There are 2 protein chains.
Amino acid sequence: MPEKKTPDRKDQIAQVASEHFHEKGYMAVSMRDLAKEVGIEAASFYNHYESKGSILKEICFRMADEFFSGLNRALSEHHLPAAQLQAIIREHVGVVLKNFSASAVFFREWRHLSEPWLSQFLELRRRYEEQVRQVLSQGMNQGLFRQMDQNVVVYTLFSLLNGLHEWKEVQQRFSPQEVTDHIAGIVLNGIAVGDQAKHHKS
Amino acid sequence: MPEKKTPDRKDQIAQVASEHFHEKGYMAVSMRDLAKEVGIEAASFYNHYESKGSILKEICFRMADEFFSGLNRALSEHHLPAAQLQAIIREHVGVVLKNFSASAVFFREWRHLSEPWLSQFLELRRRYEEQVRQVLSQGMNQGLFRQMDQNVVVYTLFSLLNGLHEWKEVQQRFSPQEVTDHIAGIVLNGIAVGDQAKHHKS
DNA sequence: GGCATAGACTAACAATTGTTAGCAAAGATA
DNA sequence: TATCTTTGCTAACAATTGTTAGTCTATGCC
């Protein structure tokens with residue numbers, strides 16, 4: 001007797017799993033843990049997912065989709081490298097803040113994906129990184145960004161972006177726009193030629 | 001028949017465990033996995049550690065010691081906030097690069113500590129963060145740093161520092177000094193008053 | 001009504017988990 | 001030499017794991 005209408009069990013499971021994988025880590029959450037939270041028995045999961053691993057797969061690749069959508073939006077709506085970079089950051093921050101648990105799983109638990117998903121996932125990550133690198137490259141070639149090691153810039157950018165999910169307080173106390181401005185300010189200040197990219201004041 | 005002299009089994013176990021916890025995650029590594037690598041049987045661990053959890057505890061708190069040593073060294077050897085901050089970064093980077101696997105475990109696997117170690121660990125982290133915050137505070141009060149939200153600066157700094165262990169390439173291609181300069185440059189450029197902290201040019 | 005499908009259940013499985021008990025050999029200490 | 005401690009082993013344990021089989025029931029469709 002289903003006591004209330006299930007909006008979509010599969011989505012509900014992904015949602016609950018995201019939160020638990022985020023808090024305890026994928027390996028520390030059992031199917032029975034999830035079952036208790038969802039309100040069904042562990043065996044019933046297999047009507048919706050074919051394995052525990054496929055729940056993780058669903059979460060990770062759904063987030064990858066989100067990140068790529070944001071990236072493509074940023075690239076198609078802007079054409080100057082500096083504007084593109086800022087848009088990339090804004091989109092990325094938006095995705096993280098809108099899917100806090102799931103993005104934490106995406107960043108932290110992907111190594112528990114089984115093949116061939118793991119390889120596929122890493123390839124997607126590589127492509128994302130590569131696209132950002134190209135924006136940097138264009139900016140440097142056009143003389144808009146200083147010449148510097150791209151790996152270092154990418155490290156800086158992704159450390160700030162990927163570390164975001166660790167800081168609950170930041171999410172609570174600042175708007176997406178503020179976070180975006182902060183990160184964009186740091187990165188652009190770090191790489192821009194001259195001062196035209198500075199838009200903060202004391 | 002011990003085929004060769006054991007330099008120190010307990011340290012060897014901690015070393016092997018660090019590497020495996022780093023690569024697979026604490027929960028995904030069984031005692032038998034570790035045993036195979038060390039060259040003993042799983043049950044023999046209990047002559048050196050009282051539980052699997054106590055191996056993790058050892059790794060995490062040993063690293064906490066390292067980080068605090070570095071912090072204290074930085075604070076005692078310098079007195080101007082800008083110099084202190086730079087020294088803190090240098091010490092921190094040094095500790096991470098010198099104990100790559102163990103520091104990754106420190107940053108990523110601490111949530112699997114059991115009580116009361118978990119609480120104690122979080123308290124240590126809080127204290128570390130608090131000391132850095134005080135340096136920022138002093139710098140602002142002395143007019144050396146711009147007035148800005150300390151949480152945001154701390155978020156930036158720790159994202160860059162704590163994300164370090166994710167980037168094997170960075171470790172391989174840059175010296176500790178280069179990494180330190182890079183991070184210190186970003187943070188000081190972000191917070192310093194005027195241009196005196198800038199030491200790069202196009 | 002008749003019937004198929006979806007989605008829940010119970011029960012059980014084989015494997016793996018961390019851990020303990022009991023024992024043996026080597027090294028240190030006396 | 002006699003004894004104690006250290007450190008390894010084998011065997012086994014109880015619990016938990018992801019997963020499957022088989023069954024029941026409500027819902028939607030003809």
Side-chain angles (χ1 to χ4, degrees), chain A residues 1-21 23-60 105 109-118, chain B residues 1-21 23-60 105 109-118:
Chain A
M1 60 182 93
E3 52 202 30
K4 58 169 147 180
K5 205 173 52 155
T6 63
D8 189 340
R9 256 294 132 87
K10 202 175 177 188
D11 285 350
Q12 185 202 4
I13 291 170
Q15 173 65 31
V16 170
S18 293
E19 290 164 11
H20 278 240
F21 292 168
E23 279 173 31
K24 317 253 191 194
Y26 173 76
M27 286 302 241
V29 176
S30 73
M31 294 297 258
R32 288 168 180 81
D33 292 337
L34 289 181
K36 192 163 290 183
E37 203 72 11
V38 174
I40 60 177
E41 291 298 312
S44 303
F45 281 116
Y46 294 83
N47 290 319
H48 306 278
Y49 291 91
E50 63 185 11
S51 65
K52 186 189 179 189
S54 75
I55 303 178
L56 179 64
K57 185 197 77 180
E58 176 87 1
I59 296 170
C60 287
V105 173
E109 305 296 329
W110 56 265
R111 54 195 104 229
H112 299 110
L113 288 167
S114 51
E115 294 292 359
W117 311 115
L118 179 57
Chain B
M1 62 184 93
E3 53 202 28
K4 59 169 146 181
K5 204 174 55 160
T6 63
D8 188 341
R9 254 296 131 87
K10 202 174 175 187
D11 284 350
Q12 185 201 5
I13 291 171
Q15 173 66 30
V16 170
S18 292
E19 289 163 12
H20 278 240
F21 292 167
E23 278 174 30
K24 315 253 191 193
Y26 172 75
M27 286 303 244
V29 176
S30 73
M31 295 296 259
R32 287 167 181 83
D33 291 336
L34 289 181
K36 192 163 290 183
E37 204 73 11
V38 174
I40 60 176
E41 291 298 314
S44 304
F45 281 116
Y46 295 83
N47 290 318
H48 307 278
Y49 291 91
E50 62 185 13
S51 65
K52 185 188 180 190
S54 75
I55 302 178
L56 179 63
K57 184 197 79 180
E58 176 87 0
I59 295 171
C60 287
V105 173
E109 305 297 329
W110 55 264
R111 56 195 102 228
H112 299 111
L113 288 167
S114 52
E115 295 291 0
W117 311 114
L118 179 57

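The chains referred to below are lettered A, B, ... by the order of the sequence lines, with proteins before strands, and numbering in each begins at 1. Just so you know, these numbers come straight off a predicted model, no measurement behind them.
Rounded to a whole Å, the CE atom of Met31(B) is 23 Å from the P atom of dA15(C). Rounded to a whole Å, the NZ atom of Lys10(A) is 10 Å from the P atom of dG7(C). Rounded to whole Å, the distance from NE2 on His112(B) to C1' on dT17(C) is 15 Å. The separation between Gln12(B) atom CD and dT7(D) atom C1' is 13 Å, rounded to whole Å.
Nearest heavy atom pair, residue His48(A) against residue Arg9(A), reads CE1-CB, 3.5 Å. Closest of all the heavy-atom pairs between Ala35(B) and Glu41(B) is CB-C, 3.7 Å. Minimum heavy-atom separation, Val105(B) to Phe21(B): CG2-CB, 3.6 Å.
Summary for the helix from dG1(C)-dC30(D) to dA30(C)-dT1(D): the axes at its two ends, each from 5 pairs, differ by 10° when rounded to the nearest 10 degrees.
Results of the side-chain contact (heavy atoms from CB on, under 4.5 Å) test with Leu34(B) over Val29(B), Ile40(B), Ile13(B) single out Val29(B) as the only residue that passes.
The distance from the NZ atom of Lys36(B) to the NE2 atom of His20(B) is 11.0 Å, given to the nearest 0.5 Å.
Counting only distance, with no hydrogens or angles, the side chain of Ser30(B) and the backbone of Asp33(B) share a donor-acceptor pair below 3.5 Å. Panel note: side chain His112(B), backbone Lys24(A); a donor-acceptor pair is recorded below 3.5 Å. Of the possible donor and acceptor atoms, one in the side chain of Tyr49(A) sits under 3.5 Å from a partner among the backbone N and O of Lys10(A).
Between dT6(D) and Arg9(B), no contact under 4.0 Å exists linking OP1 or OP2 to a side-chain N or O.
Listed by residue number, the members of residues 33-52 of chain A with any heavy atom below 4.0 angstrom from DNA chain C are Ile40(A), Glu41(A), Ala43(A), Ser44(A), Asn47(A), His48(A).
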